[in-house]
Peer 1: 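This is the structure I want to talk about, given as structure tokens.
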Amino acid sequence: MWPESMGAYREALIVAPGDRNLLLGYGRGQLAVGDFAGALRTATQAGDQDVRGMLLKAGALTGLNQLAPARALLERAQRTAPRDLDVRSNISLVAALQRDPAAYAIARAAAFAPDAEYSHIRNLVLVGGITGNDGAATEDGERRGLDPAEIG
């Protein structure tokens, strides 16, 4: 329900316009509804001094098809937080869009981590489809508990 939550963030930002947590939440909503240019403006306002800000800005850049700067930012985030599965999963998505043959292995490592979440597993299947690893992605997705209908 991103459009509804964005309304709440806009209201909260009227009261506290500089609140970074609100900006980051609003920016995530912008990404979710496909407002990548708006998300980039919000990310710039929030700053990219931490992983949350870097992820928001990289997501906006990816949505705007600025893959090289998005990947560079994600790699910077990975140096800051090498174990962060969101960062690693997003690197795999950008790598897949760049046709990097390592993309599926990166996604698989994140999706099979003991603390992997649904989004990491879903991204594994998505990266598998983008990179032509449909069979492996289907098998891996099922192994990690995704419904076969969802994988398709």
Peer 1: Could you walk me through whether D48 and R76 pass side-chain contact (heavy atoms from CB on, under 4.5 Å), step by step?
Peer 2: CA-CA 10 Å; D48 62 6; R76 185 176 121 212; 3.6 Å; yes
Peer 1: So L40 and T44, side-chain contact (heavy atoms from CB on, under 4.5 Å) or not? Walk me through it.
Peer 2: CA-CA 6 Å; L40 183 57; T44 300; 4.3 Å; yes
Peer 1: Do the charged groups of D115 and R83 touch, with an N to O distance under 4.0 Å?
Peer 2: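 Salt bridge flag = yes for R83 with D115.
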Peer 1: With rounding to the nearest 0.5 angstrom, report the CD to CZ distance, E117 to R122.
Peer 2: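 If we round to the nearest 0.5 Å, E117:CD and R122:CZ are 11.0 Å apart.
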Peer 1: Could you see if F112 belongs to whatever hydrophobic cluster contains V125? Use Ile, Leu, Val, Met, Phe, Trp, Tyr and a side-chain cutoff under 4.5 Å.
Peer 2: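 Hydrophobic grouping puts F112 apart from V125.
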Peer 1: For G128 versus D134, what's the shortest heavy-atom pair and its separation?
Peer 2: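 Closest approach of G128 to D134, heavy atoms only: O-OD1, 3.5 Å.
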Peer 1: Rounded to the nearest 0.5 Å, what's the gap from CD on Q30 to CG on L56? Could you check?
Peer 2: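 Here the interatomic distance stands at 7.5 Å.
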Peer 1: Counting C-beta onward and ignoring hydrogens, is there a side-chain heavy-atom pair between L55 and L74 closer than 4.5 Å?
Peer 2: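 Yes, at least one pair of side-chain atoms sits under 4.5 Å.
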Peer 1: Which value, rounded to the nearest 0.5 Å, describes the distance between H120 atom NE2 and L85 atom CG?
Peer 2: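 Between atom NE2 of H120 and atom CG of L85 there are 5.0 Å.
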Peer 1: Please assess L67 against N65 for the test side-chain contact (heavy atoms from CB on, under 4.5 Å), listing each intermediate value before the final yes or no.
Peer 2: CA-CA 5 Å; L67 301 177; N65 203 32; 3.7 Å; yes
Peer 1: State the CD1-CZ distance between I121 and R108, to the nearest 0.5 angstrom.
Peer 2: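 One finds 12.0 Å between CD1 of I121 and CZ of R108.
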Peer 1: Is the terminal nitrogen or CZ of R10 (NZ for Lys, CZ for Arg) located under 6.0 angstrom from the six-membered ring centre of Y26 and within 45° of that ring's axis?
Peer 2: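 Not flagged: R10 not positioned over aromatic ring of Y26.
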Peer 1: For R88 versus P82, what's the shortest heavy-atom pair and its separation?
Peer 2: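 Heavy-atom minimum between the residues: CD-O, 3.5 Å.
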Peer 1: Is the shortest distance from a Lys or Arg side-chain nitrogen in R79 or E75 to a carboxylate oxygen in the other one below 4.0 Å?
Peer 2: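 Here R79 does not pair with E75 in a salt bridge, since their nearest N and O are not under 4.0 Å apart.
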Peer 1: If you compare all heavy atoms of L73 against all heavy atoms of A58, which two are closest, and at what distance to 0.1 Å?
Peer 2: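 Looks like CD2-N, 3.7 Å.
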Peer 1: Starting at CG of L124, measure out to OG of S92 and round the result to the nearest 0.5 Å.
Peer 2: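 It is 8.0 Å, given to the nearest 0.5 Å.
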Peer 1: What's the shortest heavy-atom distance between L61 and A70, and which atoms?
Peer 2: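 Heavy-atom minimum between the residues: CB-CB, 3.8 Å.
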Peer 1: So which heavy atom on T131 is nearest to which on A103, and how close?
Peer 2: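 That closest heavy-atom pairing would be CG2-CB, 4.1 Å.
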Peer 1: Can any side-chain N or O of S89 pair as donor or acceptor with the backbone N or O of D86 at less than 3.5 Å?
Peer 2: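 No; judged by distance alone, with no hydrogens or angles, the pair does not exist.
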Peer 1: Can V94 be reached from V87 by stepping across I, L, V, M, F, W or Y side chains whose heavy atoms are under 4.5 Å apart?
Peer 2: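 Linked, V87 and V94 end up in one cluster.
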Peer 1: Could you tell me whether the side chain of N21 reaches within less than 4.5 Å of the side chain of R52, counting heavy atoms only?
Peer 2: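 SC-SC contact between R52 and N21 confirmed.
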Peer 1: Applying the 4.5 Å side-chain criterion to the ILVMFWY set and letting contacts propagate, would L24 and L22 be lumped into a single cluster?
Peer 2: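 Shared cluster, no.
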Peer 1: With no hydrogens and no angle check, is any side-chain donor or acceptor of Y104 less than 3.5 Å from a backbone partner on A137?
Peer 2: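 Yes: the side chain of Y104 pairs with the backbone of A137.
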Peer 1: Hey, what do you get for CG (N123) to CD1 (I106), rounding to the nearest 0.5 Å?
Peer 2: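 With rounding to 0.5 Å, CG (N123) is 12.5 Å from CD1 (I106).
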Peer 1: Evaluate the criterion salt bridge (Lys or Arg N to Asp or Glu O under 4.0 Å) for residue pair D50 and R20; output intermediate values, then yes/no.
Peer 2: CA-CA 11 Å; D50 65 2; R20 187 162 188 276; 2.7 Å; yes
Peer 1: Run the side-chain contact (heavy atoms from CB on, under 4.5 Å) check on E142 and T138 step by step: do they pass?
Peer 2: CA-CA 6 Å; E142 287 177 4; T138 298; 3.8 Å; yes
Peer 1: When you group the ILVMFWY residues by side-chain heavy-atom contacts below 4.5 Å and let the links chain together, are V51 and L93 in the same group?
Peer 2: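 Linked, L93 and V51 end up in one cluster.
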Peer 1: Can a donor-acceptor pair be found between the side chains of R71 and Q98 at a distance below 3.5 Å?
Peer 2: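 Yes, Q98 and R71 have a side-chain donor paired with an acceptor closer than 3.5 Å.
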Peer 1: Restricting to non-hydrogen atoms, name the atom on R144 and the atom on A116 that form the minimum distance, rounded to 0.1 Å.
Peer 2: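 Scanning both residues completely, I find the closest heavy atoms to be NH2-CB, 3.7 Å.
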Peer 1: Say whether L126 and I151 are linked into one hydrophobic cluster, either directly or through other cluster members, by side-chain heavy-atom distances under 4.5 angstrom.
Peer 2: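 No, it is not one cluster - the side chains of L126 and I151 are not joined through contacts under 4.5 Å.
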